[in-house]
Amino acid sequence: MAGSHEVDTLTKAFSGFGVDEKTLISILGKWHPDQTKTFRKGTQFFIQDERLFERWGAVVLWTMHPWERDARLIKDALIDGPKSYNVVVEIGCTRSSEELLGARRAYHSLYDRSIEEDVASSVTGVERKLFVALVSSYRYEGPKVNEETAKSEAKTLCNAVKNAAKKNPMEEEEVVRILSTRSKLHLKSVFKHYKEMCGKDIEEDVAPHLSLKHTVQCLSTPQTYFVKVLDEAINPDADENTKEGLTRVIVTRADVDMKAIKEEYHKQNGITLIEKIEHMANGNFKDFLLTLLARGE
Amino acid sequence: MPTNGGDVVEIGVGEQCGNVVDIDLGEQWRPLRPGKLTASTGAVAGWGTDEKAIISIMGHRNAVQRKLIRQAYEEIYQEDLIKRLESELSGHFEKAVFRWVLDPADRDAVLANVAMKQSKVDYHVIIELSCIYSPEELLAVKRAYQARFKHSMEEDLASHTSGDLGKALGIYRYDGDEIDARLAKSEANVLHNAIKEKVFNHEEVIRIVSTRSKAQLMATFNRYKDKYDTAITKHLVDDPSDQYLAAVRTSIRCINDPKKYYEKVIRNALNKPGTDEDALTRVIVTRAEKDLKEIKELYYKRNSVSLDHAVAKETSGDYEAFLLTLLGKED
């Protein structure tokens, strides 16, 4: 029978950002398989620590350079297929031009291919053109916006939406062009004019086309998108793939716009993100997430 | 070439006396020796414009030196040499000198902008950027473009053109040597179907040619040759009615053998009735510090007449003199 002292020692061995292998070996090595089984079942902790140390667990992701991180996230998303398409959009749209460029460089080093060519060859559905365009973008980030152009492009988007029954707006050249080449500041203006002209938020109008909705959200109000990802990840019924969203969002946004995401979360859910995580996460995984959330406070 | 410590930098020599200049370019530089002048300042300021001096000075300077000249001019006269040249020179000569004086990446950005503003967009320029320039060179051009025009190159191109060409420019190709042989096989087949069998699979062809790395594409072209006993370029038939394939053909040629491609552009520019000065200037100015020498050799092989001779025949005046100077540069 595993003594509580051994359990404590093991717990300590797994705490923090490293594993005390010597202790691990000396205790676990002696244990009978039933003992280890009981230990695993008895503590929530192994599962949670897996989420710290498993392939794209929190610590691993956090330790990586953001460019490498994004490169690996996209690679995985492409392997996962349509259920992870939002990750491709997320990275293509919420990173700065230099960050996205960095991710593309890291991808070259890691995989001897470009993100563009892999997206072009693995995404075969209606999303292809849009996705290739989004990951290829190197947007202007200056303050200059041409209001006349913004108005005319809002009109173009309106028309594409009105025509949605005949042609998927995601496959419309002009829609892809506007969303993937224009600066984010310009797009804010486009979306503003869109609402004035079309009557609704573009986000609502394109809602039936999920990738388009994610694109528009990520480009204008990313925190709305991220809160949705968090909600779905925190849901107890979420599948493994969806659950990964929790780690990914917190790790990748901790030093970017976590404050805005927390505010939006609170607005949408009535409870703070921190409280929610206190409530449903456990052990070291919980502590790690809370530490990240506290950054910049 | 500017050097560290010690050496005196002679930016220009000239017979006319302009201002004697002592330019402090930082600790590494000793002041220019009095008597050795930045004659380009004299060539433009105050004595009317001496095109010959401009040609002889600017034509023989490399990019770093040209930059120093611009800076020196600005310091003395509080105006941009470029603006001055624009107002003093005219026509093809002006364009050539203007292009030459710019930093290479800035120059390419200007050329791209000019190309896309034509009523009939000059696709060659865009394809050259996407297929001949290295990914890093293309990135430098994009940055220069944003700095100059306050737009991204991609957004301007996309709003002036339709179709897939504009998007190809966004691709940041893998620049390494790793290739996938299996992929080369399957994609060689796709290309063969499109080109030879005319089985139209536009999307796939564009995808391959615009996203794959140069190394991968060369492997694909080799695979093509192995399987079909003919080089892919031999199967590329110029069919003026087929717009779509024209861009693909040009891309393949650019990737396969850039110097041969440039020789053809120059040859066509010179043979055209009236001469295509824009194309001629573009190739000579942008390749002068890269592979113009080899392009000249290819030209001679192909046409049995030297490029200098052909240029002298088809152009005249200051423009001709400037081009010949660039052609005569030894690095």
Side-chain angles (χ1 to χ4, degrees), chain A residues 71 92 97-98 100-124 128-146 149 152-153 156 171-187 190, chain B residues 130 134-136 138-180 182-183 186-187 190 202-217 219-220:
Chain A
S97 294
E98 291 301 323
L100 182 56
L101 192 63
R104 285 147 85 180
R105 281 192 214 272
Y107 197 98
H108 288 179
S109 298
L110 290 168
Y111 305 111
D112 294 319
R113 293 248 258 256
S114 60
I115 294 181
E116 296 92 314
E117 70 188 288
D118 278 357
V119 169
S121 57
S122 21
V123 178
T124 50
R128 180 204 270 196
K129 285 198 174 176
L130 177 65
F131 283 14
V132 174
L134 291 177
V135 298
S136 313
S137 66
Y138 185 55
R139 298 177 204 256
Y140 169 66
E141 286 179 330
K144 194 163 165 265
V145 170
N146 184 322
T149 310
S152 120
E153 291 181 345
T156 305
E171 296 195 277
E172 253 314 321
E173 288 260 345
E174 283 290 274
V175 172
V176 172
R177 171 185 73 78
I178 294 166
L179 294 179
S180 67
T181 66
R182 292 303 186 197
S183 75
K184 290 180 187 174
L185 211 58
H186 179 95
L187 287 172
V190 171
Chain B
S130 155
S134 76
E136 287 309 314
L138 176 54
L139 187 58
V141 176
K142 287 182 192 178
R143 289 192 167 125
Y145 193 101
Q146 287 195 9
R148 180 177 274 272
F149 297 107
K150 312 292 181 229
H151 277 157
S152 71
M153 194 159 76
E154 294 93 318
E155 74 185 290
D156 279 357
L157 184 61
S159 57
H160 283 97
T161 65
S162 62
D164 302 293
L165 206 58
K167 294 173 209 151
L169 213 56
I171 308 294
Y172 183 39
R173 299 185 203 248
Y174 166 66
D175 203 11
D177 301 319
E178 293 297 315
I179 59 136
D180 180 329
R182 184 195 52 86
L183 210 52
S186 69
E187 294 187 344
V190 172
H202 299 220
E203 299 220 357
E204 281 291 275
V205 173
I206 299 264
R207 174 184 68 75
I208 293 166
V209 170
S210 65
T211 68
R212 294 299 181 200
S213 72
K214 308 263 179 79
Q216 180 68 30
L217 285 167
T220 307

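Letters go in sequence order (proteins before strands), and every chain restarts at 1. Since the model is a prediction, treat every value here as computed from it, not as a measurement. Keep in mind that the numbers below use all heavy atoms, side chains included, and drop hydrogens, waters and symmetry copies.
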Does any heavy atom of chain A fall under 4.5 Å from the side chain of [X], the backbone, both, or neither of them?
X	value
B:D180	side chain
B:Y145	neither
B:L157	neither
B:S159	both

The ring-ring contact (aromatic ring centres under 6.0 Å, His included) partners of A:Y107 (sequence neighbours excluded) come to A:Y111
Is the shortest side-chain heavy-atom distance between [X] and [Y] below 4.5 Å?
X	Y	value
A:R182	A:T149	yes
B:E187	B:R207	yes
B:T220	B:L183	no
A:S97	A:R139	yes

How close do [X] and [Y] get, counting heavy atoms only, and between which atoms?
X	Y	answer
B:Q146	A:Y138	NE2-O, 3.0 Å
A:S137	A:G92	OG-O, 4.2 Å
A:A120	B:T211	CB-CG2, 4.2 Å

Highest number of heavy-atom pairs under 4.5 Å with chain A among B:E136, B:K142, B:Q216 belongs to B:E136
In terms of heavy-atom pairs under 4.5 Å with chain A, the winner among B:E178, B:K150, B:E154 is B:K150
Proximity breakdown for [X] and chain B, heavy-atom pairs closer than 4.5 Å:
X	value
A:A133	neither
A:V119	neither
A:R113	both
A:R128	side chain

Pair B:M153-B:V141, side chain to side chain contact (heavy atoms under 4.5 Å, CB included): steps then yes or no
CA-CA 9 Å; B:M153 194 159 76; B:V141 176; 4.1 Å; yes
Exercise for review: Test A:E172 against A:I178 for side chain to side chain contact (heavy atoms under 4.5 Å, CB included), laying out the working first.
Suggested key: CA-CA 10 Å; A:E172 253 314 321; A:I178 294 166; over 6 Å; no
From the list A:E153, A:K144, A:E141, A:E174, the residue making the most non-hydrogen contacts under 4.5 Å with chain B is A:K144
Max heavy-atom pairs within cutoff under 4.5 Å with chain B, candidates A:E116, A:K129, A:R177, goes to A:E116
task: For A:E98 and B:R143, run salt bridge (Lys or Arg N to Asp or Glu O under 4.0 Å): C-alpha distance rounded to whole Å, both residues' side-chain angles, the deciding distance at 0.1 Å, then the answer.
output: CA-CA 11 Å; A:E98 291 301 323; B:R143 289 192 167 125; 2.9 Å; yes
Contact list (residues 168-175 of chain B to chain A, heavy-atom gap under 4.5 Å, by number) returns B:G170, B:I171, B:Y172, B:R173, B:Y174, B:D175
Quick one about B:E155 and A:H186 (side-chain donor to acceptor, distance below 3.5 Å, no hydrogens or angles considered), yes or no?
no
